[in-house]
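In what follows, a single structure is set out as structure tokens and then discussed.
Heavy-atom basis, side chains included; hydrogens, waters and symmetry copies ignored. In what follows, every chain begins at residue 1, and chains take the letters A, B, ... in the order their sequences are listed.
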Amino acid sequence: MAEMTYRDAVARGITQEMARDPNVVLLGEDVGAAGGVFKATVGVFDQFGPERVADTPISEQAILGAAMGAAMTGLRPIAEIMFSDFFAVCWDIVANEIAKTRYMTNGQVALPLVIRSGNGGGVRFGAQHSQSVENWAMAIPGLKVVAPSTPRDVVGLLAAAVRDPDPVLFFEQKSLYATKGDVPDGEIVDELGKAAVRRHGKDATVVALAAMVPRALAAAEELATQGVEVTVIDLRSLVPLDVTTVASSVAATGHLVTVEENPRLCGWGAEVASIIAEENLFDLDGPIVRVTTPHVPLPAADALEDAAMPSVARIVEGVRRSLQ
Amino acid sequence: MAEMTYRDAVARGITQEMARDPNVVLLGEDVGAAGGVFKATVGVFDQFGPERVADTPISEQAILGAAMGAAMTGLRPIAEIMFSDFFAVCWDIVANEIAKTRYMTNGQVALPLVIRSGNGGGVRFGAQHSQSVENWAMAIPGLKVVAPSTPRDVVGLLAAAVRDPDPVLFFEQKSLYATKGDVPDGEIVDELGKAAVRRHGKDATVVALAAMVPRALAAAEELATQGVEVTVIDLRSLVPLDVTTVASSVAATGHLVTVEENPRLCGWGAEVASIIAEENLFDLDGPIVRVTTPHVPLPAADALEDAAMPSVARIVEGVRRSLQ
Amino acid sequence: MTTPLAQQLAQQTATRPATPPAAAPAPGTPPVQAPPEAVRLRLYQMMVEMRDFEKRAYDLFLQGLVKGTSHLGLGQEAVAAGFGAAMHPGDYTFATYRGHNHTLARGVQMAPVMAELMGRQSGLMAGKGGSMHLTSVAHGMMGSYAIVGAHLTIANGAAWSSKLRGTSEVAVCFFGDGATNIGAFHEALNLAVVWQLPVVFVCENNRWMEYTPISSVTAVAHPAADRAAAYGLEPLLVDGNDADATYAIASAAIGRARAGGGPSLVEAETYRHGGHSRADPGKYRPEEEVQAWLGRDPIPRYRQRLLDAGIDEAVLVSIEEQSRRAVDAASSAAEASPPPDVSLVGANVWADGGASWRR
Amino acid sequence: MTTPLAQQLAQQTATRPATPPAAAPAPGTPPVQAPPEAVRLRLYQMMVEMRDFEKRAYDLFLQGLVKGTSHLGLGQEAVAAGFGAAMHPGDYTFATYRGHNHTLARGVQMAPVMAELMGRQSGLMAGKGGSMHLTSVAHGMMGSYAIVGAHLTIANGAAWSSKLRGTSEVAVCFFGDGATNIGAFHEALNLAVVWQLPVVFVCENNRWMEYTPISSVTAVAHPAADRAAAYGLEPLLVDGNDADATYAIASAAIGRARAGGGPSLVEAETYRHGGHSRADPGKYRPEEEVQAWLGRDPIPRYRQRLLDAGIDEAVLVSIEEQSRRAVDAASSAAEASPPPDVSLVGANVWADGGASWRR
Ligand SMILES: Cc1ncc(C[n+]2csc(CCOP(=O)(O)OP(=O)(O)O)c2C)c(N)n1
Ligand SMILES: Cc1ncc(C[n+]2csc(CCOP(=O)(O)OP(=O)(O)O)c2C)c(N)n1
Ligand SMILES: [Mg+2]
Ligand SMILES: [Mg+2]
């Protein structure tokens with residue numbers, strides 16, 4: 001067991017999988033000798049060399065096209081899209097090609113690949129480098145979507161993603177890179193589609209993802225001091241989605257609050273809310289409350305960015321609203 | 001008053017606005033002399049000439065970049081992205097540039113532009129030419145999102161979109177191009193953000209968009225023969241969203257069913273459901289049911305495509321489920 | 001042209017350069033060094049089969065049996081045939097929505113292709129892909145792609161994989177003139193050269209996008225060849241209506257790629273006889289242009305050349321008859337197949353075979 | 001180079017071609033035809049102010065007062081200055097995230113720029129954009145764009161609008177060497193030429209993407225100049241550390257665009273003195289390379305040239321002192337400004353000033 005940062009856990013996860021399977025390769029901008037702009041791939045190049053760790057030009061379509069073609073023909077690539085905002089320049093390869101090919105070919109083509117990307121706000125990078133776009137991915141049939149909240153989960157979920165026979169978008173929350181947590185020694189491999197209950201409480205169910213998990217836990221602490229005990233569920237993956245864990249918690253608490261970093265409209269919280277409103281409506285004792293970034297691009301100034309993103313105070317307020 | 005096709009209504013709307021305002025220009029692939037691949041711009045080139053109706057190379061990023069730069073500097077472009085699936089090759093210009101620029105510049109830059117696109121399935125074009133991607137657009141703050149269901153609305157909403165000071169994505173449903181309807185003579189201009197109640201019924205509220213509106217109405221007919229009277233709301237635009245009309249209808253009926261052509265996850269129906277589940281939960285007498293295309297890419301074969309998209313039968317079944 | 005591959009080809013040339021003048025390569029000029037007779041007969045057979053197949057596909061469309069869209073390769077057969085014949089089993093083909101010819105060129109049977117166009121259970125992908133997405137991995141047909149430009153980047157990936165795994169497959173990627181103006185073209189070409197990938201990019205310049213002439217939207221006269229230097233590549237222009245010429249340049253470029261010599265970009269000048277897709281009559285094209293190119297139809301031209309080379313006409317007639325029989329059999333088989341079972345809607349979204357996104 | 005713009009510049013040249021050899025243009029070589037003294041003093045002043053501004057921005061970053069990211073233009077001043085001086089009021093600038101210099105070059109005041117970097121209410125965009133998105137429409141500074149490549153297509157649009165409206169603005173679009181490998185570059189260049197737009201594309205080749213040398217990921221030696229021919233353009237390579245040279249080529253290219261002569265693509269060879277962004281020390285670069293380029297620092301080099309041309313040193317010293325005072329005043333003003341009011345989070349999503357998406 002070692003304490004390590006979320007950032008270092010990425011490199012550890014990649015290394016674990018590249019050491020295990022010679023078909024795993026890594027490609028992206030500055031991922032090699034430079035160790036990645038977030039320093040999340042430090043050491044990988046030294047260990048595996050330039051053949052298996054390939055620096056690329058600024059050509060996101062070419063990066064993902066290369067990953068796709070390689071995955072079709074026997075490799076298991078891990079591609080990096082530096083900031084998840086840049087998915088917009090290569091969304092065609094993700095949404096139209098990678099996601100649809102198994103289906104269109106009626107199963108002839110398998111695409112075991114992972115696309116890692118720095119996601120989300122809170123680092124004062126402004127509107128084009130701060131988006132939380134996991135819901136863009138969730139909206140596309142054929143993609144799996146993972147977003148870990150702890151260093152341990154980074155390793156375990158990344159390993160699961162690499163070994164998964166389907167294409168996985170792996171969102172590394174930028175605001176978590178510097179956070180630390182205990183990571184057990186030895187190989188770690190998780191299962192995709194299993195949410196983690198991070199805290200148990202009888203009064204309400206709070207569902208969060210990635211950087212919103214620690215905030216939801218902080219809100220839970222604060223609510224506890226006010227006598228409100230909430231369950232906090234870390235979804236860990238959006239596709240597959242662990243509906244069972246959410247629904248059974250809501251059955252027990254009668255209240256659901258989702259906490260999303262993405263802007264409101266069509267966020268994953270809406271999907272979770274709609275599932276519960278369809279399948280578990282009569283379990284609810286109060287409104288389903290969604291706490292999200294408002295439907296605005298993220299501003300750059302620290303004062304504004306902090307005001308835009310879901311805060312502990314807004315989560316507390318959201319839970320109180322659901323309980324009224 | 002003349003009967004015309006949805007397709008011809010597009011050309012009529014464009015012509016109306018180009019005749020009125022010399023700053024309105026049209027650009028896109030094959031939109032000029034060829035009249036567009038869907039024949040939706042026939043006659044526009046003849047009337048306004050090659051300066052104001054510009055054929056482009058297959059360069060969607062360059063098309064939308066040109067529209068954006070022109071809108072920043074005094075023109076009001078209407079750009080065509082032939083099939084909405086191709087938004088994936090230029091999503092950066094839409095989501096990162098056009099949508100965010102007014103905000104990032106704190107209001108210095110206005111972008112009065114319209115992007116028209118052929119959207120949706122039902123025409124056996126397969127997975128890369130059949131997507132209904134209005135929810136991709138709805139998820140991006142800074143965009144307005146319009147999707148008419150009738151020839152009359154095509155004209156009125158297109159005019160509103162062209163005159164709107166914000167960027168508008170205008171989805172023309174491909175499966176509706178050949179449908180006909182009455183269009184009044186003279187200038188037609190609508191207001192964005194006003195839903196239309198297409199049928200009144202006390203038992204349930206069915207919310208639909210574009211090609212799903214006629215299907216919802218057909219389902220309503222069928223339900224009426226079984227003694228169930230439903231209200232059918234045509235949203236007409238997703239942003240702005242007419243929450244008032246939906247909520248007040250649900251307050252009256254106690255039941256909500258959304259009908260989406262897009263695949264399920266993070267569709268606009270989820271957003272509508274989550275709003276009602278948050279703000280009007282206690283008006284509900286039954287589960288909120290979402291009828292969607294399942295979360296799959298669209299298959300090409302007619303038998304499969306018809307089975308995938310929401311059918312009248314599935315809408316009827318969805319209403320029945322919400323009433324149980 | 002003084003660069004290696006061009007030189008190599010020029011040395012094989014009988015009386016004219018391998019790359020005809022762009023304007024109007026004279027029909028019937030003697031070919032580059034003739035391939036062996038067996039190859040020539042195979043080229044002829046492939047082209048005849050493609051032609052017959054496409055004509056039948058068009059008839060079936062008119063009868064309402066081919067649904068949705070389809071983009072025929074009528075007139076462009078010499079490109080698919082020349083490259084198809086030069087490829088080795090195991091090599092990777094990446095094609096566009098106009099990919100029927102390229103699919104047949106890899107030995108895929110006609111019946112499942114026809115059934116796919118008709119949306120039947122026995123279709124190559126059981127109707128799930130349709131005409132624009134023909135794929136048969138078992139034949140190295142790695143897919144037909146309907147978003148212009150994307151597959152150039154994907155072909156790179158297959159070539160990269162071949163290189164990293166140390167095997168010898170070459171990727172051949174076909175696309176149109178219009179595709180040279182989209183960003184993915186640029187990204188793919190640059191990366192292929194930087195990584196020295198075993199990939200051959202083949203631009204089939206048929207002079208038209210959908211309804212717009214390529215010359216009106218392109219900054220250079222030869223949309224691919226005039227861009228080669230931007231990637232440090234030599235310009236390679238070939239008469240795309242001459243099967244011997246396409247076979248020669250294909251063999252050279254594929255051979256170079258296989259030998260570790262890196263990528264090539266070939267521009268093959270050709271023409272589509274019909275409209276862009278489906279019922280498009282293609283009336284926007286000047287009649288003289290159409291007639292001039294119909295006069296350069298690759299198939300009668302090649303037939304005459306084979307006769308001139310002393311091949312017995314009976315051999316050709318037998319190829320032609322066989323082809324007609326094969327198309328008849330394929331369309332009967334396809335018509336006899338039922339529509340796909342609706343359960344296929346939910347099949348193969350994921351590797352577990354299904355469509356469930358929840359646990 | 002024998003093409004028009006290059007010729008025109010060569011005729012102005014004193015003792016060496018306008019485009020220095022790519023490898024190591026000798027510092028201190030005599031300039032192209034010297035601009036008038038007033039222009040030269042303005043160029044010097046601009047460069048000094050940019051330099052002082054960027055150094056202060058770096059200091060404020062180290063003090064924790066500049067938050068988020070910032071990309072300094074230290075070392076690249078001669079490009080922004082040369083083009084800025086050649087532009088007319090009303091012309092359109094499109095810059096990247098490395099756009100502080102280009103913003104100042106259009107006459108935008110230092111104080112609001114500094115305040116924007118610091119996320120203050122008095123910032124150019126009240127803190128909503130940040131360092132990477134500096135925009136001042138009133139000054140023709142049409143924005144700084146942080147997604148590599150996108151703004152080349154947007155610059156086209158502004159140029160197209162100028163052409164259609166029959167006005168005379170020229171768009172000038174700056175970008176890095178790395179940007180030449182992304183698809184949008186290709187699409188933008190092609191369309192600009194096809195539509196003959198009044199736009200000048202300026203590649204500031206500083207030899208590095210973020211931490212990767214451009215030469216290792218690019219198929220050609222000169223990422224922009226070697227691609228010009230792919231768009232029917234002449235290759236234009238200029239010493240980007242020589243303000244007289246950048247001014248000369250800028251004047252020629254902008255003049256041509258304004259006269260209806262269409263677009264140009266200029267590659268200016270330069271170097272960033274510091275790291276890619278923020279605290280990056282840029283240690284991945286070979287020390288000799290860094291030292292060689294520090295030796296070609298555009299500012300001392302230009303200072304010496306002005307002295308050699310007989311300009312009184314006191315004039316230069318006064319420019320330098322004024323610059324320091326301006327930077328001091330700007331940073332004091334910025335520091336004195338409060339953070340933006342949180343109500344701005346919901347301001348200006350839409351033209352109605354607000355953020356509401358519902359009716
Ligand atoms: C990104 C994208 N833009 C537009 C289209 C629509 N489209 C399909 S084929 C075509 C013309 C392609 O022309 P070309 O590349 O010359 O190929 P050809 O059809 O002539 O074989 C267009 C515009 C598309 N499929 N993808
Ligand atoms: C599409 C896209 N990909 C990657 C990045 C991340 N990124 C920002 S700057 C940069 C390097 C750009 O290099 P260059 O174009 O040479 O400009 P320079 O920074 O040297 O001025 C990269 C990779 C980005 N902003 N946008
Ligand atoms: Mg073509
Ligand atoms: Mg650079």
Report summary line: Interatomic distance, CD@A/E271 vs CZ@C/R358, rounded to 0.5 Å, equals 9.0 Å

Query raised in the report: Most heavy-atom pairs under 4.5 angstrom with chain C, which of A/P57, A/G65, A/A99, A/P112?
Result: A/G65

Query raised in the report: Of the backbone (N, CA, C, O) and the side chain (C-beta and beyond), which part of C/A150 lies under 4.5 Å from a heavy atom of chain A, both, or neither?
Result: both

Query raised in the report: With distance as the sole criterion, is a donor-acceptor pair present between the side chains of A/T73 and C/S161 under 3.5 Å?
Result: yes

Report task. Output the option from A/T56, A/N106, A/L27 having the highest count of non-hydrogen pairs under 4.5 Å with chain C. Result -> A/N106

Report summary line: Under 4.5 Å to a heavy atom of chain A? For C/V345 that would be both

Report task. Drop me the distance from A/D92's CG to C/T153's OG1, to the nearest 0.5 angstrom. Result -> 8.0 Å

Requested in this report: Might you point out which heavy atoms bring A/V25 and C/W160 nearest each other, and give the distance in Å?
Outcome: CG2-CH2, 3.7 Å

Report task. Sort out for me which of A/E60, A/M72, A/M104, A/R52 touches chain C most, counting heavy-atom pairs under 4.5 Å. Result -> A/M104

Requested in this report: Sort out for me which of A/K100, A/M138, A/R102, A/E51 touches chain C most, counting heavy-atom pairs under 4.5 Å.
Outcome: A/R102

Query raised in the report: Applying the side chain to side chain contact (heavy atoms under 4.5 Å, CB included) test to A/T105, which of C/L124, C/T135, C/N348 qualifies?
Result: C/T135

Query - Gap between atom CD1 of C/I147 and atom CG of A/N96 - 0.5 Å precision - result: 4.0 Å

Query raised in the report: Is any side-chain heavy atom of C/W350 less than 4.5 Å from a side-chain heavy atom of A/V239?
Result: yes

**Report entry** Distance (rounded to the nearest 0.5 Å) between C/H151 NE2 and A/M68 CE
**Finding:** 11.0 Å

Query - Closest-packed option against chain C by number of heavy-atom pairs under 4.5 Å, given A/G142, A/G107, A/G193 - result: A/G142

**Report entry** Portion of C/V194 that has a non-hydrogen atom of chain A nearer than 4.5 angstrom
**Finding:** neither

Requested in this report: With rounding to the nearest 0.5 Å, note down the distance linking CD in C/E187 to CD in A/Q61.
Outcome: 4.5 Å

Query raised in the report: Where the side chain of C/Y145 meets the backbone of A/E97, is there a donor-acceptor pair that is under 3.5 Å apart?
Result: no

Query raised in the report: Which heavy atom of C/V349 sits nearest a heavy atom of A/Y103, and at what distance?
Result: CG2-CD1, 3.6 Å

Report task. Kindly indicate whether the side chain of C/W357, heavy atoms from C-beta on, has any atom under 4.5 Å from the side chain of A/L143. Result -> no

Report summary line: Pair count under 4.5 Å, heavy atoms only, with chain A: among C/A184, C/A138, C/A159, C/G130, highest is C/A184

**Report entry** Whether C/N156 side chain and A/A66 backbone form a donor-acceptor pair below 3.5 Å
**Finding:** no

Report summary line: Of the listed C/A126, C/A347, C/G149, C/A158, the one with the largest count of heavy-atom pairs under 4.5 Å with chain A is C/A158

Report summary line: Whatever's closer than 4.5 Å to a heavy atom in chain C on A/L64 counts as neither

Requested in this report: Please determine, among C/L197, C/V137, C/T167, C/L134, the option with the most heavy-atom pairs under 4.5 Å with chain A.
Outcome: C/V137

Requested in this report: Could you tell me whether a side-chain N or O of A/D166 sits under 3.5 Å from a main-chain N or O of C/A351, the two making a donor and an acceptor?
Outcome: yes

**Report entry** Options A/T245, A/I98, A/V109, A/T244, ranked by heavy-atom pairs under 4.5 Å with chain C, top entry
**Finding:** A/T244

Report task. Name the member of C/G143, C/G129, C/G123 that forms the most heavy-atom pairs with chain A at distances under 4.5 Å. Result -> C/G129

Query raised in the report: Between CG of A/N23 and CZ of C/R165, what distance do you get to the nearest 0.5 Å?
Result: 8.0 Å

Requested in this report: Evaluate whether atom CD of C/Q109 has more than 12 neighbouring non-hydrogen atoms of other residues, nucleotides or ligands under 6.0 angstrom away.
Outcome: no

